[in-house]
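Working notes for the structure below.
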Amino acid sequence: MGRRGGPEHLSPMGDVERTLAEIDAALSASNAPRTVMPRAAYVDPDFLRLERERIFAREWLCVGWAGAIAEPGQYLTYQINDQPVFAMRQADGSIRAFSNVCLHRLMLLLPDGPEAGRCGKRFSCPYHGWTYERDGRLVGAPQMPGLDKADMRLPEIACAEWSGFVFVSLAADPPDLAARLAPLTEAVAPYRPEGYLQAVTQDHVWRTNWKLLAENFMESYHLPVAHRRTVGAWCPVDQVRFPHPPHPAYTCQTFPKDPDAKYGVAPPENEHLSGDLRCTSIMPTVFPATMFVLAPDHLWWLSLMPRAVDQVHVRFGASIAPERLRALPDVETYLRETVAFFDRVNDEDRGLVESIHRGTRAPLAKPGPLSWMEQGLCEYQQYIYDTLSERQK
């Protein structure tokens, strides 16, 4: 990714411009050790305002698992910045996304929540009963006989399925997601993730800056220490690999699992993975805020949305490979134990990133050099700088 100079073309923004200049200088210093971004990038409300405008109002963001809305009328709800949205399965099998706000008195139409909802061929506003088709057309407005409904429809937003995930974007003309992630698609395709069956989806709010959680997920350096009682017990960190060159849309690493690990190994019933892939997990972060671990027997993911400089909404999900479930004598117990296990992993991470956020506010704090295992953080910094300074595209 070629550099096109510093952020001097930005409108004057005081501290935000200085923070971007610091990031740019660090990225340009070829001989200096890399560190995480300046503290201000994690604690400055003005920096977050720029992120909301230039990242979250424009980029592709994950709202959930496509398999959870397999039937027409099933839907997922989400909120991007101040905009509530929903993605609904249509009769033709496609998924379309719309504003989740009634055209009458701006009431939310479909209830918020991590779990998939379901409606019939039509759905109505809970306030005055205005009724819509699944494709967003207004077809009913009680006690308003003269209302011309012909051109009244919910604003539609961009929606795409990718490898089992549902993505949406508020941008009027976002880049093609499949083309943007083509190299990553090739890497995850052997696992057949789109066929994994959803086990759980949860919503949480953590007390940290959203980027600290993203950075935590995209490196495995901390696994044997911070997760030694859970996922770190089976991850030989010296065998972590970065199979792809730096990419403007994602970062990715792989790591093997011990063949005797409880999670992360292909079951005997898996006939489509061979060789090292049967014990290999792939851990991508799709910029800006979708991250997942894809293993031969399971997948777990996070989608992040900042609420404040020190609050992030976390949508967490986990899905299981179908051949794993078919081989189990007691599926219900397995799912309960698996969800409880990843709840423990999330609790460990929550404690970490909330503590790190406290550290970023410390006036004497200064970040140190990064390990080779934290390569993804360097690629992420490049994305953050490029996007906020509008150097991309």
Side-chain angles (χ1 to χ4, degrees), residues 56 60-69 74-80 85-87 111-117 162-168 188 191 193-194 196-220 222-223 226-227 229-232 250 262-264 281-295 297-308 310-321 324 334-357:
F56 290 94
W60 286 104
L61 306 167
C62 176
V63 300
W65 191 243
I69 53 171
Q74 290 185 305
Y75 61 84
L76 298 165
T77 58
Y78 201 65
Q79 180 157 322
I80 303 172
V85 302
F86 70 90
D112 286 330
E115 298 293 338
W162 179 81
S163 296
F165 295 98
V166 180
F167 282 83
V168 301
V188 304
Y191 295 84
E194 62 280 353
Y196 283 30
L197 303 174
Q198 180 172 277
V200 67
T201 309
Q202 302 170 354
D203 280 351
H204 304 276
V205 176
W206 292 9
R207 298 282 302 186
T208 191
N209 183 268
W210 72 276
K211 296 185 298 299
L212 294 174
L213 178 48
E215 291 171 340
N216 177 75
F217 200 100
M218 67 182 69
E219 55 93 350
S220 52
H222 72 287
L223 294 185
H227 294 297
R229 295 182 178 87
T230 54
V231 291
Y250 68 88
K262 183 175 182 180
Y263 301 107
S281 295
I282 181 169
M283 187 168 72
T285 294
V286 176
F287 301 150
T290 303
M291 49 220 66
F292 61 95
V293 175
L294 174 59
D297 62 336
H298 74 274
L299 163 74
W300 65 291
W301 56 271
L302 301 177
S303 182
L304 312 182
M305 178 61 55
R307 286 192 173 179
D310 59 353
Q311 288 188 23
V312 57
H313 173 270
V314 181
R315 178 157 290 181
F316 156 70
S319 299
I320 310 299
R324 166 64 77 190
Y334 175 83
L335 292 177
R336 184 172 61 251
E337 292 177 349
T338 300
V339 171
F341 177 82
F342 287 108
D343 281 343
R344 291 197 299 275
V345 177
N346 282 334
D347 286 343
E348 291 169 342
D349 278 326
R350 181 172 187 166
L352 296 173
V353 298
E354 291 186 347
S355 179
I356 296 169
H357 185 63

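Remember, it's a predicted structure, so these values are computed and weren't measured experimentally. Residue numbers run from 1 in the order of the sequence given.
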Partner residues of Trp206 under the side-chain hydrogen bond (donor to acceptor under 3.5 Å, both in side chains) criterion, sequence neighbours left out: none
Geometric class of the Phe165/Phe167 ring pair [parallel <30°, tilted 30-60°, perpendicular >60°]: perpendicular
Listed once per pair and sorted, the salt bridge (charged side-chain N to carboxylate O under 4.0 Å, His left out) pairs that draw on residues 208-218, sequence neighbours left out: Glu51-Lys211
Partners passing salt bridge (Lys or Arg N to Asp or Glu O under 4.0 Å) against Glu337 (at least two apart in sequence or in another chain): none
By side chain to side chain contact (heavy atoms under 4.5 Å, CB included) - contacts of Leu335 (at least two apart): Ala199, Ile320, Leu325, Val331
Between CG on residue Leu352 and CG on residue Leu212, distance to nearest 0.5 Å: 11.0 Å
pair Val314-Leu304: side-chain heavy atoms closer than 4.5 Å: yes
Candidate pair Arg324 and Tyr334, rule side chain to side chain contact (heavy atoms under 4.5 Å, CB included), full reasoning: CA-CA 10 Å; Arg324 166 64 77 190; Tyr334 175 83; 3.6 Å; yes
Inter-residue atom distance Asp297.CG - Ser281.OG, 0.5 Å rounding: 7.5 Å
Residue list, salt bridge (Lys or Arg N to Asp or Glu O under 4.0 Å) with Asp343, at least two apart or on another chain: none
Check: His204 and Asn346 side chains under 4.5 Å, non-hydrogen atoms: no
For Asp310, all residues meeting salt bridge (Lys or Arg N to Asp or Glu O under 4.0 Å), sequence neighbours excluded: Arg207
Arg344/Arg229 under side chain to side chain contact (heavy atoms under 4.5 Å, CB included): CA gap, chis, key distance, verdict: CA-CA 9 Å; Arg344 291 197 299 275; Arg229 295 182 178 87; over 6 Å; no
Test item: Leu76 and Trp65 side chains (from C-beta on) under 4.5 Å apart, heavy atoms: no
Exam field: side chain Thr77 to backbone Pro111, donor-acceptor pair closer than 3.5 Å: yes
Sequence-distant partners of Phe287, ring pair (Phe, Tyr, Trp, His ring centres under 6.0 Å), two or more places apart: Tyr380, Tyr383
Which atom of Phe56 lies closest to which atom of Leu61, heavy atoms considered: O-CD1, 3.6 Å
Pairing residues for Phe342 by the ring pair (Phe, Tyr, Trp, His ring centres under 6.0 Å) criterion, not counting sequence neighbours: Tyr263, His298, Trp300
Non-neighbouring partners of Trp60 that pass ring pair (Phe, Tyr, Trp, His ring centres under 6.0 Å), sequence neighbours left out: none
Pairing residues for Phe86 by the ring pair (Phe, Tyr, Trp, His ring centres under 6.0 Å) criterion, not counting sequence neighbours: Phe98, Phe123
Min side-chain heavy-atom separation Gln79-Arg307 under 4.5 Å: no
Shortest non-hydrogen contact from Ala295 toward Gly264: CB-CA, 3.8 Å
Main-chain N/O of Val353 paired to Thr208 side chain as donor or acceptor, under 3.5 Å: yes
Results of side chain to side chain contact (heavy atoms under 4.5 Å, CB included) for Ala66 - residues two or more places apart only: Arg89, Ile95, Glu161, Val166
Asp349 vs His227, side chain to side chain contact (heavy atoms under 4.5 Å, CB included): CA-CA, chis, key distance, verdict: CA-CA 8 Å; Asp349 278 326; His227 294 297; 2.8 Å; yes
Shortest non-hydrogen separation from Trp210 to Pro288 and the atoms involved: CZ3-O, 3.4 Å
Within-4.5 Å side-chain heavy-atom neighbours: Phe217 and Val293: yes
Residues in side chain to side chain contact (heavy atoms under 4.5 Å, CB included) contact with Arg315, at least two apart in sequence or another chain: Tyr78, Pro114, Thr201, Asp203, Trp301, Ser303, His313
Spatial distance of atom NE2 (His357) from atom CG (Leu213) [nearest 0.5 Å]: 12.5 Å
Within-4.5 Å side-chain heavy-atom neighbours: Cys62 and Trp162: no
Gln74 side, atom CD; Ile69 side, atom CD1 - distance, nearest 0.5 Å: 7.5 Å
Stepwise side chain to side chain contact (heavy atoms under 4.5 Å, CB included) check, Glu115 with Gln198: CA-CA 10 Å; Glu115 298 293 338; Gln198 180 172 277; 4.3 Å; yes
